[in-house]
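We're numbering straight along the sequence, starting at 1. The analysis underlying the following values was restricted to heavy atoms, covering all of them including side chains, and did not include hydrogens, waters or symmetry mates.
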Amino acid sequence: PQAWPKGSVRSFRAQDQVTVSFDWADGALTGCALVSARDQRLRVLCGGNTWEVSLRAGETCQLM
């Protein structure tokens with residue numbers, strides 16, 4: 001929201017046993033990290049971008 005020009009979210013629990021952390025500034029995503037509780041492949045959609053990622057249990061995957 002415009003009231004929050006910059007910020008971050010840590011350890012947001014998403015579906016498929018994935019934890020997401022992200023940062024934004026001026027309304028745009030500036031960083032995103034995923035951690036999965038199990039090995040899996042995911043398709044991540046955000047802001048018109050698509051990433052195909054392979055996650056290994058407990059490892060951090062930096063998208064940006």
Side-chain angles (χ1 to χ4, degrees):
Q2 289 181 341
W4 298 344
K6 67 178 185 174
S8 64
V9 172
R10 296 288 174 255
S11 300
F12 177 83
R13 187 67 166 193
Q15 65 185 63
D16 295 325
Q17 299 179 13
V18 175
T19 301
V20 181
S21 297
F22 57 94
D23 306 295
W24 70 90
D26 299 322
L29 190 65
T30 58
C32 182
L34 307 173
V35 179
S36 179
R38 61 185 174 91
D39 293 353
Q40 62 179 312
R41 289 189 52 78
L42 296 174
R43 177 180 296 164
V44 179
L45 308 170
C46 181
N49 295 311
T50 302
W51 293 277
E52 297 281 340
V53 296
S54 292
L55 300 174
R56 299 207 29 106
E59 292 184 0
T60 300
C61 174
Q62 296 281 17
L63 295 180
M64 306 181 76

Of the non-hydrogen atoms in [X] and [Y], which two are nearest, and what is the gap between them?
X: Thr30; Y: Ala25; result: CG2-N, 3.8 Å
X: Ala37; Y: Ala57; result: O-CB, 3.6 Å
X: Gln62; Y: Ala33; result: OE1-CB, 3.3 Å
X: Ser21; Y: Ser11; result: OG-N, 3.1 Å
X: Trp4; Y: Trp24; result: O-NE1, 3.0 Å

### Pairwise distance OG(Ser8) to CZ(Phe22) - rounded to 0.5 angstrom
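It is 8.5 Å, given to the nearest 0.5 Å.
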### Message
If I take atom CG from residue Asp39 and atom CD from residue Gln17, how far apart are they, to the nearest 0.5 angstrom?
### Response
11.0 Å
### Task
Could you check Asp16, Thr60, Leu42 and say which one makes a side chain to side chain contact (heavy atoms under 4.5 Å, CB included) with Leu55?
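Of Asp16, Thr60, Leu42, side chain to side chain contact (heavy atoms under 4.5 Å, CB included) with Leu55 is met by Leu42 alone.
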### Message
Within a 6.0 Å radius of atom CG on Asp26, are there more than 12 heavy atoms belonging to other residues, nucleotides or ligands?
### Response
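Open: at most 12 neighbouring heavy atoms sit under 6.0 Å from CG of Asp26.
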### Task
Please say whether more than 12 non-hydrogen atoms of neighbouring residues, nucleotides or ligands are located less than 6.0 Å from CZ in Arg56.
no
### Query
Between Val53 and Gln40, is any pair of side-chain heavy atoms under 4.5 Å apart?
no
### Task
Group every Ile, Leu, Val, Met, Phe, Trp and Tyr by side-chain heavy-atom contacts under 4.5 Å, then state whether Val35 and Phe12 land in the same group.
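Unlinked, Val35 and Phe12 end up in two clusters.
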### Task
Could you tell me whether the side chains of Ser54 and Arg41 share a donor-acceptor contact shorter than 3.5 Å?
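Yes, side-chain donor-acceptor contact under 3.5 Å.
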